[in-house]
There are 2 protein chains.
Amino acid sequence: MSKRVTSRFAILGLLTLKPMSGYDLKRFVDEAIRFFWNLSYGTIYPMLKRLEDEGLVLRKNVSRENRPERSVFRLTGKGRRVLSEWHEGDIELPQVNDEILLRLFVGHDVPAEKNIELVNRYRDKLRDRIRHYESIEPESLEEARESRHGLLSHATLRCGILTTRARIRWCQETLEMLQAQLPDAAGEV
Amino acid sequence: MSKRVTSRFAILGLLTLKPMSGYDLKRFVDEAIRFFWNLSYGTIYPMLKRLEDEGLVLRKNVSRENRPERSVFRLTGKGRRVLSEWHEGDIELPQVNDEILLRLFVGHDVPAEKNIELVNRYRDKLRDRIRHYESIEPESLEEARESRHGLLSHATLRCGILTTRARIRWCQETLEMLQAQLPDAAGEV
DNA sequence: ATTTACATGTAAGGGGTTACATGATTGA
DNA sequence: TCAATCATGTAACCCCTTACATGTAAAT
């Protein structure tokens, strides 16, 4: 279902922003959308080749002096058509495998302190992330006023912020719950 | 990173709840934790075989009259040790590929109405999910008072509730943003 | 009589990751 | 000089999904 060649549409979709090389795509994903999408070279280059063979993208070799040659790809009309079919299609809630929830769920015979430590570490990582999100939010908001893509990009950032905050709040709540169960917390009510 | 045989620990972990067959595991996952974990038969049976070969689980063939024979698996001491090593290990924020965010991010040249429709459909699915979560919450809360595992299980449900609610709120916010950009919304401020 | 639930597995294929190979250029 | 950045790709491997194969028994 959600497995049907999703990196295909990711690459096609990103090429609507501007023509890019495999290297560009990798950098773009890592810099701009790494929190909700990732692509590795081992996915990118074979997929670009495949999209080229299918006539969905067009390769243009660009050589500049004193720089390695690049293969820059742009969408073809056919590529755009395939993309818009994807945009038409239905969206499913993804089936995720969420490690922290699994760990907690089967955490009944590890020491309670371990579970607390786990949620703590997890919360710390979420906090790092939210700090980053919030640091780029003002700029994102400006871009949202300036272009259609800026607005949509801002929406994705907002999603990151809202869901990460929710998870942090969940950590808080869960830590309280777990600490209340600690043997030496018996008298502290 | 997060790819290192995670179904291995899922199966090992679930077997701490009670000894189970492959069929049991599948049913359990589908019924109890499908919102944060999934396993297919094609994963379960080969993995059980492998865990057996490695001495992490023990197979016991159980035949009951008028029923097909079952292979019920229980954890071995070694299995428990491997599991607790996993519990010790660090947790990473998973790298996800989040289709709705990708679609929005590259949605700048699809009609604005399509983006709105997308978020709407997505919100509807989240609402179905939250309705389900909330319907099982009271029972989960009771179980939380009754056992250690009940408490941890409840924590996972709470995570689902909080993050799903956050996403629904994000949909609302995003819909408002997108609708405000609609050409015929110009005079409606 | 037929569908559903019980029950265990395999085979093919897909999608993705990591690591490697290669080589130029730039900056510290 | 050495690391980092630019740049493209491949190969091995892994995990997982889907679909298939097979068969019994209970329920409708």
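Just so it is clear, the structure is predicted and the values come from calculations on it, not from any experiment.
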Is the phosphate of [N], meaning OP1 or OP2, less than 4.0 Å from a side-chain N or O of [X]?
X        : N       : answer
Ser7(B)  : dC16(D) : yes
Arg59(B) : dT8(C)  : no
Arg50(A) : dG9(D)  : no

To the nearest Å, how far apart are [X] [atom1] and [N] [atom2]?
X        : N       : atom1 : atom2 : answer
Arg70(B) : dA25(D) : CZ    : P     : 16 Å
Asp53(A) : dG9(D)  : CG    : P     : 12 Å
Asn61(B) : dG9(C)  : CG    : P     : 8 Å
Met47(A) : dT17(C) : CE    : C1'   : 14 Å
Gln95(A) : dG15(C) : CD    : C1'   : 16 Å
Lys60(A) : dT8(D)  : NZ    : P     : 15 Å

- Message: Within the 4.5 Å heavy-atom criterion, are Tyr122(B) and Arg167(B) side-chain neighbours or not?
- Response: yes
- Heavy atom of residues 20-46 of chain B under 4.0 Å from DNA chain D: which residues? Asn38(B), Ser40(B), Gly42(B), Thr43(B)
- Query: When rounded to the nearest 0.5 angstrom, what is the spacing between CG in Leu48(A) and CZ in Phe73(A)?
  - Reply: 4.5 Å
- Spacing of Glu88(B) atom CD and Leu118(A) atom CG [to the nearest 0.5 Å]: 10.5 Å
- Sequence neighbours excluded, the answer for salt bridge (Lys or Arg N to Asp or Glu O under 4.0 Å) partners of Arg59(B) is Glu52(B)
Verify same cluster id: [X], [Y] (apolar side-chain graph, 4.5 Å):
X         : Y        : result
Tyr41(A)  : Trp37(A) : no
Val110(B) : Ile33(A) : no
Tyr23(A)  : Val72(A) : no

- Quantify the bending of the helix from dA1(C)-dT28(D) to dA28(C)-dT1(D) as the angle between its end axes, each fitted on five pairs, to 10°. 30°
- Nearest nucleotide by nearest heavy atom, which residue falls closer to the 5' end of DNA chain C, Phe73(B) or Asn97(B)? Phe73(B)
- Message: Can you tell whether the side chains of Asp24(B) and Arg70(B) come within less than 4.0 Å, N to carboxylate O?
- Response: yes
- Query: Salt bridge check: are Asp98(B) and Arg103(B) linked by an N-O gap of less than 4.0 Å?
  - Reply: no
